[in-house]
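Note on naming: letters A, B, ... go to the chains in the order of the sequence lines (proteins, then strands), and numbering restarts at 1 for each one.
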There are 2 protein chains.
Amino acid sequence: MDIGTPAPRRRMRADARRNYERLLAEAAAAFAEHGADFSLEEIARRARVANGTLYGHFPTRRALLEALLGDRMRALAATGEELLPHPSPFDGLAAWARAAMAHTTIYRGLGAALMQAVEDETSELHTACKAVLAAGEGLVARARAAGEVRPDVTAPDLYALVNAAAWAGEQSSIPQGERLLTFGLDGFRTSATTRG
Amino acid sequence: MDIGTPAPRRRMRADARRNYERLLAEAAAAFAEHGADFSLEEIARRARVANGTLYGHFPTRRALLEALLGDRMRALAATGEELLPHPSPFDGLAAWARAAMAHTTIYRGLGAALMQAVEDETSELHTACKAVLAAGEGLVARARAAGEVRPDVTAPDLYALVNAAAWAGEQSSIPQGERLLTFGLDGFRTSATTRG
DNA sequence: AAATATATCGAGACAGTCTCGAGTTTTCCA
DNA sequence: TGGAAAACTCGAGACTGTCTCGATATATTT
C-alpha cells in the first residue's frame with residue numbers, strides 16, 4: 001500500500017534489503033523535492049551507498065520510478081472502480097480525473113513517464129498504466145452510455161488530458177493544471193457543440 | 001523571416017558571423033531531429049567550432065533557442081492579429097490555436113521552454129512570448145465579447161492549452177495533441193455547461 | 001604593416017551516467 | 001561453529017556533457 005515499503009521480487013540478503021529500502025526512501029524524498037530527473041548519484045550519496053550499488057538494485061532511472069509508483073498506480077485504478085457506481089456518471093468521471101491528476105503531480109516530470117509507459121510494453125509501469133487506463137475506460141463508457149459525454153471520447157483522451165493538465169500545472173506558477181482539466185472535461189460533455 | 005538567417009544584433013567580424021550562422025544552422029537541424037535538449041557540445045562539433053566559441057555566441061541553451069525562434073514567434077503573433085477580423089470569433093480563435101500548436105511542435109520539448117519563458121522575465125524569449133500571449137488575448141477577448149466563449153476563459157488558458165496539447169502530441173504515437181486541443185477549445189465555448 | 005579590437009581555441013574543473021572486477025559480507029550447512 | 005559458496009558492495013575509471021578562461025590567432029582600422 002504505502003510506497004515506502006514495496007516488496008522486492010525475491011528473497012534478498014539482509015544488507016541488500018536494507019540498502020534497497022534506503023535507496024527507495026531517499027529516492028522518494030528526492031523525487032518529491034526535485035522531480036523525476038533528480039541525480040541518481042545524489043540518491044546513492046544520501047543513502048550512504050556506492051553508486052554501483054544503486055545501479056545494482058535499479059539498473060535504470062525508470063526501474064527506480066517503477067518501484068516507487070507501482071502501488072500508487074494500482075490504488076488509482078481501484079479508486080476508479082469505486083467511483084463507477086457514482087450517481088452522476090460525469091461527476092464520477094470528473095472526480096476520478098482530479099484524483100488522477102493529483103497522483104501525477106506528486107513527482108515533477110511524472111506525466112511524461114506515464115504517457116510513455118502506457119505505450120511501451122517493456123516498461124514495468126506498463127501493466128499498472130493499463131490498469132489505470134482500464135479504470136478510466138469504465139468511467140468513460142458509463143458516462144458515454146448515459147449520454148453525458150460525447151460518443152467519440154475515449155479513455156486515452158481522458159488519460160492524455162489528465163497528464164497534460166498535470167504537466168501544465170508543473171510549468172506554471174498559477175494553478176493552470178486545474179483550469180485546463182476543467183475546460184477539457186467540459187469539452188468532453190455532450191452539451192458542448194461538436195465542431196466540424 | 002526565415003529562422004536560418006536571423007540578424008545578430010551588431011556588426012560582427014566576418015569570421016564571427018560565419019561561425020554564428022553555422023552554429024545556428026546546425027542547431028536548427030539538431031533541434032529538429034533530437035528535440036530541445038540536444039547536446040550543445042555536439043552542435044559545436046558539427047559546426048566544426050570549439051565549444052568555447054559556441055558559448056561565446058550563445059551563453060545559454062536558452063539564448064540559442066531564442067535566436068532560433070524569435071522570428072517564428074513574432075510571425076505567430078502577427079497571424080493572431082490577422083485572424084482578429086475573422087467572421088466567426090470562435091473559429092478565428094480555433095484556427096490560431098492550431099497554428100500555435102503546429103509552431104510548438106517543430107522542436108520536441110519546446111512547449112516546456114515556452115511555458116517557462118512566459119513567466120520568466122529574464123528569458124530572451126520572454127518578450128516574444130508576451131507578444132504571442134497578447135495576440136491570444138485579442139482573439140479571446142473578441143470571442144468572449146461575442147458570447148462565444150465562457151467569460152472566465154483567459155489568454156493564459158489558451159496558451160497553456162496549446163502548449164499542453166503539443167506536449168501530449170509529442171508523448172503519444174497517435175495524434176493525441178489535436179484531439180486534446182479540440183476538446184479543450186470546446187470546453188472554452190459558452191455552450192458547454194459550467195460545472196458547479 | 002603596425003596597432004587595436006575581436007574571436008577562437010582547447011584544456012581543465014566539475015557533475016552526471018553507467019560498468020566491472022576486486023574485495024567484503026551474509027548465508028548455509030556439514 | 002567454521003568455512004566454502006553465494007550474494008552483494010565498493011569505488012575507480014571511461015565516457016558524455018556543461019561551462020569558463022587565458023593564451024593565441026585573426027580581422028579591421030589607421
**Message:** Looking at S39(B), I'd like to know whether one of its side-chain N or O atoms comes within less than 4.0 Å of OP1 or OP2 on dT16(D).
**Reply:** no

**Item:** Phosphate OP1/OP2 of dT9(D) contacted by H57(A) side-chain N/O (<4.0 Å)
**Value:**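 The answer is yes; a side-chain N or O of H57(A) sits under 4.0 Å from OP1 or OP2.
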
**Separation between CZ of R108(A) and CZ of F38(A), rounded to the nearest 0.5 Å** =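 If we round to the nearest 0.5 Å, R108(A):CZ and F38(A):CZ are 10.5 Å apart.
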
**Prompt:** Hey, what do you get for CG (L54(A)) to OH (Y20(A)), rounding to the nearest 0.5 Å?
**Reply:**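 Atom-to-atom, L54(A):CG and Y20(A):OH are 11.5 Å apart.
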
Whole-Å distance between [N] [atom2] and [X] [atom1]?
X      : N       : atom1 : atom2 : result
F58(B) : dA7(C)  : CZ    : C1'   : 14 Å
N19(B) : dC9(C)  : CG    : P     : 6 Å
L54(B) : dG10(C) : CG    : P     : 15 Å
H34(A) : dG16(C) : NE2   : P     : 11 Å
L64(A) : dT17(C) : CG    : C1'   : 14 Å
R45(A) : dT9(D)  : CZ    : C1'   : 18 Å
R48(A) : dT9(D)  : CZ    : P     : 16 Å
F38(A) : dG16(C) : CZ    : C1'   : 12 Å

**Message:** Can a side-chain donor-acceptor contact be found between Q176(B) and D157(A) if the only test is distance below 3.5 angstrom?
**Reply:**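 Present: a donor and an acceptor within the cut-off.
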
**pair R150(B)-R189(B): side-chain heavy atoms closer than 4.5 Å** = no

**Fill in**
Nucleotide by nucleotide, nucleotides 18-30 of chain C touches protein heavy atoms under 4.0 Å in the pattern (B base, S sugar-phosphate only, - none) BB-----BSS---

**Fill in**
Residues passing the salt bridge (Lys or Arg N to Asp or Glu O under 4.0 Å) test with R45(B), sequence neighbours excluded, are E41(B), E42(B)

**Request:** Could you tell me if the ring centre of F90(A) sits under 6.0 Å from that of F188(A)?
**Result:** no

